[in-house]
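For reference, the structure discussed in these notes is given below.
By convention in this document, chain letters (A, B, ...) are assigned in the order of the sequence lines, proteins followed by strands, and residues within each chain are numbered from 1. Hydrogens, waters and symmetry mates are skipped; everything else that's a heavy atom, side chains included, is used.
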Amino acid sequence: MEKKTNWIVTFLIAAGALFILFPLYMAVSIALKTPEELANSVLSPPMGFHIENFAKAIKATNFFQAFKNSVYITVTAVILTILTNSMVAYAIARNMHRKFFKFLYYYFVSALFIPFPIIMLPIVKQTSAFDMNNPSGLVVLYVVYGVAFNIFIYVGYIRSIPKELEEAAIVDGCSTWGVFWRIIFPLMAPINATVGILTCLWAWNDFLLPLIILNDQEHMTLPLVQYVFQSEFGTDYNLAFASYLMALSPMIIVYLFAQKWIIGGVTRGAIK
Amino acid sequence: MESTIYQSSHRKIALGLSVVPGLGQLYNRQYVKGTFFLILAASFYIVFGDLLNMGLWGLVTLGEIVPRDHSIFLLVEGILAVIVLLFGLGFYAFNLCDAYKNGQKRDLGLKVSSLREQYHTLVDSGFPYLMISPGFILLVFVVVFPIIFVVLLAFTNYDLYHTPPARLVDWVGLQNFIDLVKLDLWRKTFINVLAWTIVWTFGATTLQIALGIFLAIIVNQKDLKGKAMIRTIFILPWAVPAFVTILVFSGMFNESFGVINKTILAALGLPAIDWMTDPFWTKVALILIQTWLGFPFIFAMTTGVLQAIPDELYEAATVDGATAWQKFTKITLPLVLYAVAPILITQYTFNFNNFNIIYLFNGGGPAVSGQNAGATDILISWIYRLTMTSAQYSKAAAVTLLLSLVVVSVALWQFRRTKSFKEEDMM
C-alpha cells in the first residue's frame, strides 16, 4: 500500500514540477537561441550560447539605466519605509490609550481599504503638478502607501515588547529618542525584516505605479521597459525573452540565497 | 461651581484676547510663545489669504472666463483651500484653548510655565507628535486629497470635450451616474465589465487557492523523498517577478508564433486556439496564468501551517481507528483553512485589483463592438483605459466611486470580523 501512494504522489509532483518549470525553461531556452533555431523547433534546447540576443536586448531596453532606476527606487523605498514607519508605529503603539492616537491609528490603517483606482487619476495630476513624476517621487509614494499595512503589523509587534525595558532606560537617563534607537529598534529586527522584504518585492515588481507616474524615458524601471516588446518588437522572441531573463534573474538569485528568510518573513507578516 | 475659587478673571480676558492668536498668550506673560503665535497667524493669513479666497470661489464656480480660469486647477486649489482652512481652524482652536488654560492657571494662583519648561514638555510629550506629523500630512496629500478630488470630479463634466484651458468644466450634478444607467453604451460596458470582474476574482482566486493547498498537502506526505527540492521548485514562480512571467506567457500564448499553439496543441493533433482574439479563450488563458502565478504563495503558507500541526493529533486519530480520509477532512483541512483564512481574503482583493496581468497579457483585449472596454478588462483596467487613453475623466470618477462603495464596505465588513483588528487581541 505504501508503494502505491508513493507512486501516485510522485506522479502528481512530477506533473506539477513540469507545469512550473516549463515556462521558465521556455524563457531560458528561447533567450539563448537564434531566430533560425527557434523557427526549426521551439522545444529543443539551444545549440550554443548566443550572447548577441542579450547585447541587443540591453540596447533596446536601455537595460542598465532601467536597472539602476529600479535598484535606486527599491533600496531607498525599503530604507525609508523601515526608518519612518517604525517610528510612527512606535509613537502610536505606546500612546494607544490616548484618544487622539487611537484616532491616528485608525486613520492610518483605514488607508488599507482605499482601492487604488480611486486615487489613480488625482495622483497622476498631482505628481506632475508637484514635479514628483520621477523616481524620487515614486519612492515617496511607496513609503506613504506602505504606511497603512506596515503600521498595522508594526503596532501589533511593538505592543508585545514589554514596557519595563523602556522604563528602565528612562530611569537611567535615556531620552525618548535614545530609547527608540537603542532599545526598541534593535528589538524590532524580525518585523523590520518582514517589512523590508515585503516592500522590496512590491517596489521591485510594481508595474502600475511607475506606469502612471513616470513619463520620462530616462526614468523607466525594469518592469516598464519590458513592455516595449509587447508592441515594437512584437515577433522578435529571442530578443524579448533574453530581456525578460535579465529582468528576472536578480530576483531569482536573491530568492535562491535568501529563500528561508523570505518565506519566514512573509509568513510572519501574513499569519498572526 | 469652581468659580468661587478664582480670584481674578484672567482666563476670560485671555480667551477674549486670543480672538487674535497670540494676544492671549502675551497677556499671560508668555511673550515668546505669544509672539510666535502672532507671527504664525499673520503669516498664515498672508500666505494663504489669496489661496483661500481664490480656492473657495473656484470651488463653487469652477471658473468663469475661458483662457483665464483653468477649471481643474481651480478645483485643486479649492480642495487645498478647504484642507488648509481645516488646519488653520485646528490651530485657532488650540490657541484659544491654550490661552484659556494658562489664564485659568493664573486665576488659581499657579505659576505659568516658563519658556524653558515649555520647551522640555514640548520635547518630551511632543515627541510622538513630532514623529507622526510628517506621515500624517503626507497621507492627507496622497490619500485624502485624491479621494476628495475623485468624489468631486464624479459630479463634473470633465472629459475630452471639456478640457481646460480651452474649455471650462462645470458641475453637472448626478448626470454621470444617470448616463451610466441610461446610455446603452455605458450600461452594457458597465454590466459586462462588472460580471467579468466577479467571475475573474472568484474563478482565478479559488483555483489558485485550491491548487496551493492541494499540492502542499501532497508534498507534506511523510514518505516523500527530496521535499526540500520539491518545495523550492514549487515556490519558484513566486520568486519570479510577475510582470516577467506574464510577458513570457503572453509570448507562449501567441496565436501564430507561440509554443502552445504551434507545438503542444499541434503535437496533440488539436487545432490552434485563438488565445488572444477570442474573448472566451483569452479569459481561460488569463485564469490559467493567474493560477500558475498565485498558487506558490498559498503553497508556502499552507506548508508552514501543516508543519505546525502536532503529530499527536494524527496518532490519537489512528488509535481511534480513523481512516486516512477522515484524518484529512477532520484534522488537516479545518486546521489549514482556519489558519490561512485571512490570507485567502487578501488573495481575492488582490485579484480584484490585479491590473498587471490584464494589462500585460494583451491590454484588456480583444476589443468588443458596442462597448468601450475590452473583453477582458476588469474594473481597474477599465478605469485606467478611461482616464489614460480616452480622457473620460468624469465618467471614470463616477465608476470609481460606485466601485469603491462596494469594495470599501466589503473590506470593512470582513476586517471587522478578523480578530487581529480588534484591540483586545492585538497582542
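Only the side chain of A:Leu104 comes within contact range of chain B, with heavy atoms under 4.5 Å apart. For B:Phe355, the part lying under 4.5 angstrom from a heavy atom of chain A is the side chain only. Contacts between B:Ile218 and chain A at a heavy-atom distance below 4.5 Å involve backbone atoms as well as side-chain atoms. Using a 4.5 Å cut-off between heavy atoms, B:Thr303 makes no contact with chain A at all. With a 4.5 Å cut-off on non-hydrogen atoms, A:Phe100 touches chain B through its side chain but not through its backbone. In this structure, no portion of B:Leu379 lies under 4.5 Å from any heavy atom of chain A. In this structure, chain B has heavy atoms under 4.5 Å from both the backbone and the side chain of A:Ile119. Only the side chain of B:Phe214 comes within less than 4.5 Å of a heavy atom of chain A; its backbone N, CA, C and O stay farther away. Both the backbone and the side chain of A:Met87 come within contact range of chain B, judged by heavy atoms closer than 4.5 Å. Contact of B:Val144 with chain A is made through the side chain alone, with heavy-atom distances under 4.5 Å. A:Val143 does not touch chain B: none of its heavy atoms, backbone or side chain, sits under 4.5 Å away. In this structure, chain B has a heavy atom under 4.5 Å from the side chain of A:Phe101, while its backbone stays farther away. Of the atoms belonging to A:Leu24, it is side-chain heavy atoms, and not backbone ones, that fall under 4.5 Å from chain B. Using a 4.5 Å cut-off between heavy atoms, B:Leu153 contacts chain A through its side chain alone, with no backbone atom that close. Using a 4.5 Å cut-off between heavy atoms, B:Tyr384 contacts chain A through both its backbone and its side chain.
The greatest number of non-hydrogen atom pairs below 4.5 Å with chain A, out of B:Thr232, B:Val151, B:Leu211, B:Val76, is found for B:Thr232. Between chain A and the residues B:Tyr393, B:Phe249, B:Phe141, the most heavy-atom pairs under 4.5 angstrom are made by B:Tyr393. Considering only heavy-atom pairs separated by less than 4.5 Å from chain A, the leading option among B:Phe149, B:Trp292, B:Phe145 is B:Trp292. Chosen from A:Ala247, A:Pro250, A:Pro223, A:Ala148, the residue pairing most often with chain B at heavy-atom distances under 4.5 Å is A:Pro223. The candidate with the highest count of non-hydrogen atom pairs below 4.5 Å against chain A, out of B:Thr245, B:Thr387, B:Leu139, B:Leu401, is B:Leu139. In terms of non-hydrogen atom pairs under 4.5 Å with chain A, the most contact-rich of B:Ile148, B:Thr400, B:Val248, B:Ile147 is B:Val248.
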Would B:Ser381 and B:Asp377 count as a side-chain hydrogen bond (donor to acceptor under 3.5 Å, both in side chains) here? Give the steps. CA-CA 6 Å; B:Ser381 65; B:Asp377 264 327; 2.6 Å; yes
CA sep, side-chain torsions, deciding dist, call: B:Val142, A:Tyr145, side-chain contact (heavy atoms from CB on, under 4.5 Å): CA-CA 8 Å; B:Val142 301; A:Tyr145 287 140; 3.8 Å; yes
Quick one: do B:Phe253 and B:Asn362 satisfy side-chain contact (heavy atoms from CB on, under 4.5 Å)? Show the steps, please. CA-CA 10 Å; B:Phe253 275 104; B:Asn362 69 344; over 6 Å; no
ring-ring contact (aromatic ring centres under 6.0 Å, His included) for B:Phe136 and A:Tyr107? Distances and angles first, verdict last. CA-CA 9 Å; B:Phe136 183 84; A:Tyr107 168 72; 4.8 Å; yes
Go through it in stages, so that I can follow the logic: the residues are B:Tyr158 and B:Leu75, the test is side-chain contact (heavy atoms from CB on, under 4.5 Å), and I'd like the CA-CA distance, side-chain angles, deciding distance and then a yes or no. CA-CA 11 Å; B:Tyr158 184 28; B:Leu75 186 63; over 6 Å; no
Checking side-chain contact (heavy atoms from CB on, under 4.5 Å) for the pair A:Asp206/A:Leu138: CA distance, chi angles, key distance, verdict? CA-CA 11 Å; A:Asp206 193 27; A:Leu138 207 55; over 6 Å; no
A:Gln226/A:Ser243 under side-chain hydrogen bond (donor to acceptor under 3.5 Å, both in side chains): CA gap, chis, key distance, verdict: CA-CA 7 Å; A:Gln226 306 307 322; A:Ser243 176; 2.7 Å; yes
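The aromatic rings of A:Tyr90 and A:Phe180 sit tilted relative to each other, their planes meeting at an angle between 30° and 60°.
Taking the six-membered ring wherever Trp is involved, the centroid distance between the rings of A:Phe241 and A:Tyr244 falls below 6.0 Å.
Distance check, rounded to the nearest 0.5 Å: CE of A:Met120 to CD1 of B:Ile380 gives 6.0 Å.
Between A:Phe149 and the options A:Ile153, A:Ile151, A:Val147, a side chain to side chain contact (heavy atoms under 4.5 Å, CB included) holds for only A:Ile153.
Checking side-chain atoms of B:Ser250 against main-chain N and O of B:Ile246 turns up no donor-acceptor pair under 3.5 Å.
Taking 4.5 Å as the limit, some side-chain heavy atom of B:Phe299 sits within range of a side-chain heavy atom of B:Val219.
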